[in-house]
Amino acid sequence: MAISTLKVGAKMQEGFRTEIECSHNFIIDQPKPAGTDEGPNPMEIYLSSIPACICAIGRIIANQKRLPVRSISVKLEGDIDKDYLLGKTQEGRAGFVEIRTKVEIDADMTAAEKELYLCDIEKRCPIADNTIYTTSLKTELVG
């Protein structure tokens with residue numbers, strides 16, 4: 001097993017602005033009037049990682065298997081109980097209760113071949129894996 005460690009950092013700024021440090025630094029924020037709308041909110045970041053991973057893993061598999069894939073388009077939506085995350089209720093949970101993806105594959109493949117390809121993508125996508133299965137999250141106070 002070849003384990004790699006990815007590292008990112010975040011620093012809370014004024015209001016809801018959060019600066020993210022990674023290979024390409026960016027801002028996470030909240031829409032107005034709560035935030036300054038300088039970037040997507042954390043839920044959008046999480047959700048956008050799923051179709052981005054589907055596209056990236058799809059490209060990897062297409063290259064490895066020399067599949068005639070021209071493009072992959074993914075539309076995604078997720079349902080979340082904002083009352084729970086805002087502390088208005090203790091019923092339910094903080095995370096998405098359902099995430100739905102619709103994947104369009106532009107390739108010279110039959111529908112059955114596309115289904116097998118999509119299953120392979122989902123199996124190898126680390127973001128889908130972390131969404132479907134439990135991953136250990138260890139939080140430590142350091143200061």
For residues [X] and [Y]: do they belong to one hydrophobic cluster (side chain heavy atoms under 4.5 Å, members Ile, Leu, Val, Met, Phe, Trp, Tyr)?
{"X": "F96", "Y": "I28", "value": "no"}
{"X": "L76", "Y": "I54", "value": "yes"}
{"X": "I20", "Y": "I50", "value": "no"}
{"X": "M109", "Y": "V74", "value": "yes"}
{"X": "I60", "Y": "V103", "value": "yes"}

For residues [X] and [Y], report the shortest heavy-atom separation together with the two atoms involved.
{"X": "I72", "Y": "C55", "value": "O-SG, 3.7 Å"}
{"X": "D37", "Y": "D29", "value": "N-OD2, 3.0 Å"}
{"X": "L47", "Y": "G78", "value": "CD1-N, 4.1 Å"}
{"X": "A94", "Y": "I80", "value": "O-CD1, 3.3 Å"}
{"X": "E19", "Y": "I27", "value": "CG-CD1, 3.6 Å"}

inquiry  = I'd like to know if the side chain of T89 pairs up with that of D83 as donor and acceptor (distance under 3.5 Å, no hydrogens or angles considered).
reply    =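 Not at all, the side chains of T89 and D83 share no donor-acceptor pair under 3.5 Å.
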If you count the non-hydrogen atoms of other residues, nucleotides and ligands that lie under 6.0 Å from [atom1] in [X], is the total more than 12?
{"X": "E38", "atom1": "CD", "answer": "yes"}
{"X": "E98", "atom1": "CD", "answer": "yes"}
{"X": "Y46", "atom1": "OH", "answer": "yes"}
{"X": "L86", "atom1": "CG", "answer": "yes"}
{"X": "R100", "atom1": "CZ", "answer": "yes"}
{"X": "E113", "atom1": "CD", "answer": "yes"}
{"X": "Q64", "atom1": "CD", "answer": "yes"}

query = Do the non-hydrogen side-chain atoms of C53 and P126 ever get within less than 4.5 Å of each other?
reply =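 Side chain of C53 against side chain of P126, heavy atoms only: contact under 4.5 Å found.
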When rounded to the nearest 0.5 angstrom, what distance separates [atom1] in [X] from [atom2] in [Y]?
{"X": "I132", "Y": "I99", "atom1": "CD1", "atom2": "CD1", "answer": "9.5 Å"}
{"X": "K123", "Y": "L118", "atom1": "NZ", "atom2": "CG", "answer": "11.5 Å"}
{"X": "F16", "Y": "T18", "atom1": "CZ", "atom2": "OG1", "answer": "9.5 Å"}
{"X": "T131", "Y": "E122", "atom1": "OG1", "atom2": "CD", "answer": "9.5 Å"}
{"X": "I61", "Y": "R59", "atom1": "CD1", "atom2": "CZ", "answer": "11.5 Å"}
{"X": "N41", "Y": "Q30", "atom1": "CG", "atom2": "CD", "answer": "5.0 Å"}

query = R70 and D108: side chain to side chain contact (heavy atoms under 4.5 Å, CB included), yes or no, with the steps?
reply = CA-CA 8 Å; R70 287 180 287 280; D108 296 326; 3.2 Å; yes
Answer yes or no: is there a donor N or O on one side and an acceptor on the other, between the side chain of [X] and the main chain of [Y], under 3.5 Å?
{"X": "Y117", "Y": "V69", "result": "no"}
{"X": "K114", "Y": "I105", "result": "yes"}
{"X": "N130", "Y": "I127", "result": "no"}

key: Residues R124 and D129 bridged, charged N to O under 4.0 Å   =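 Answer for the salt bridge query: no.
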ask   = So, E140 and K138, do they make that salt bridge, N to O below 4.0 Å?
value =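 Between K138 and E140 there is no salt bridge, as every charged N stays at least 4.0 Å from the carboxylate O atoms.
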request  = Go through the steps to decide whether L85 and M43 satisfy the test side chain to side chain contact (heavy atoms under 4.5 Å, CB included), and finish with yes or no.
outcome  = CA-CA 11 Å; L85 71 89; M43 294 179 290; 4.1 Å; yes
